Amino acid sequence: DRVLELKDFNVTYKNKTKKVYAVKDINLTINKGDSLGIVGESGSGKSTLAMAILRLLPERNTEITGSSNFANKDLVQASEKELKEIRWKELSVVFQKSMNALSPVHRIGEQIEDIYRVHKPNARKEEIFDRIKALLRLVNLSERVFKMYPHELSGGMLQRVAIAISLIHDPKLLIMDEATTALDVVTQGQILEEIVKMEQTLDVTRIMITHDISVVATTCNKIAVLYAGELMEVGYVKDILKEP
Ligand code: ADP
Ligand code: ADP
């Protein structure tokens, strides 16, 4: 069961004087339940690829060619309206800085509740509360954070909140772009474990963008290696990252 299929996928940045071919000729299939790590050194095109899949690059100076099939649509050709609908219902993304998107002056619970209400305007109070509790449990946070303000939480807790928020609408595909990179190694390790654990009860396919191969080793079943915008290798983690 295919979730995402990229065919001859290219991304170019066009500046006044030059073109930068940031992502070149990517052919890649992601199946339901896969957790695919996309690794490569800085500048290899990882973020460009992720943002291009989400169609979050500015159209003014970028060009995407090829196709990207997701939810029976080619996202490369999709209209702004179709994209909005698909992102809204089926996609999610967590960035390194996602936690910064939380409002400092509203309690965590209120913020999650507001986002839930945007998705389900007619939801009953108890339904919302049950859902939020379940989401918090999924990312190993106690209900106590519900009443807390962002400044009262550690970076790791805030990023867990960001992950919980990304799962609010039950996305089919979750893209994590260096989502744990800014955290200390202990916290990072804990959150990575939690991600693997939470997926045992979720129906989500994940793309993990990272410069850190150990992140892929602990949380992914497949790996794709980017080098200078090109896909060097794709396969199962157990085959590619096996001990020598
Ligand atoms: P990172 O490696 O963490 O993705 P960079 O330092 O490469 O960050 O990029 C920081 C910002 O500058 C980003 O918004 C990126 O899109 C932009 N950028 C990166 N390379 C170029 C470039 N060659 N020309 C113009 N903007 C660039
Ligand atoms: P990574 O995420 O692996 O660090 P990026 O996707 O940020 O790689 O960058 C891939 C290539 O595209 C790099 O050569 C970078 O300099 C270039 N690039 C990134 N953003 C821009 C931009 N806004 N304008 C021009 N070139 C860019």
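In listed order, ligands and their atoms are each counted from 1. None of the values given here were measured: they were computed from a predicted structure.
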Over-ring placement of Lys97 relative to Phe95, 6.0 Å and 45° cut-offs: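 Ring-cation test returns no.
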Do side-chain atoms of [X] reach the backbone of [Y] as a donor and acceptor pair under 3.5 angstrom?
X	Y	value
Gln159	Gly156	no
Arg55	Ala78	yes
Thr219	Val215	yes
Asn27	Asp8	yes

Number the atoms of ligand 2 from 1 as they appear, then name those within less than 4.0 Å of a heavy atom of [X], with their elements.
X	value
Ser42	4 (O)
Glu41	3 (O)
Ala22	11 (C), 12 (O)
Lys46	1 (P), 2 (O), 3 (O), 4 (O), 6 (O), 8 (O)

Is there at least one pair of N or O atoms, one from Val20 and one from ligand 2, spaced under 3.5 Å apart?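 No - when backbone and side-chain N and O of Val20 are compared with those of ligand 2, no distance drops under 3.5 Å.
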Which part of His211 is near ligand 2, with near meaning a heavy atom under 4.0 Å away: side chain, backbone, both or neither? neither
Decide whether the shortest distance between a heavy atom of Gly45 and an atom of ligand 2 is less than 4.0 Å.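 For ligand 2, residue contact (heavy atoms, under 4.0 Å) with Gly45 is present.
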Ring centers of Phe129, Phe146 separated by less than 6.0 Å: yes
Name the option, out of Asn61, Thr48, Val23, that contains the heavy atom nearest to atom 5 (P) of ligand 2.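 The nearest heavy atom belongs to Thr48.
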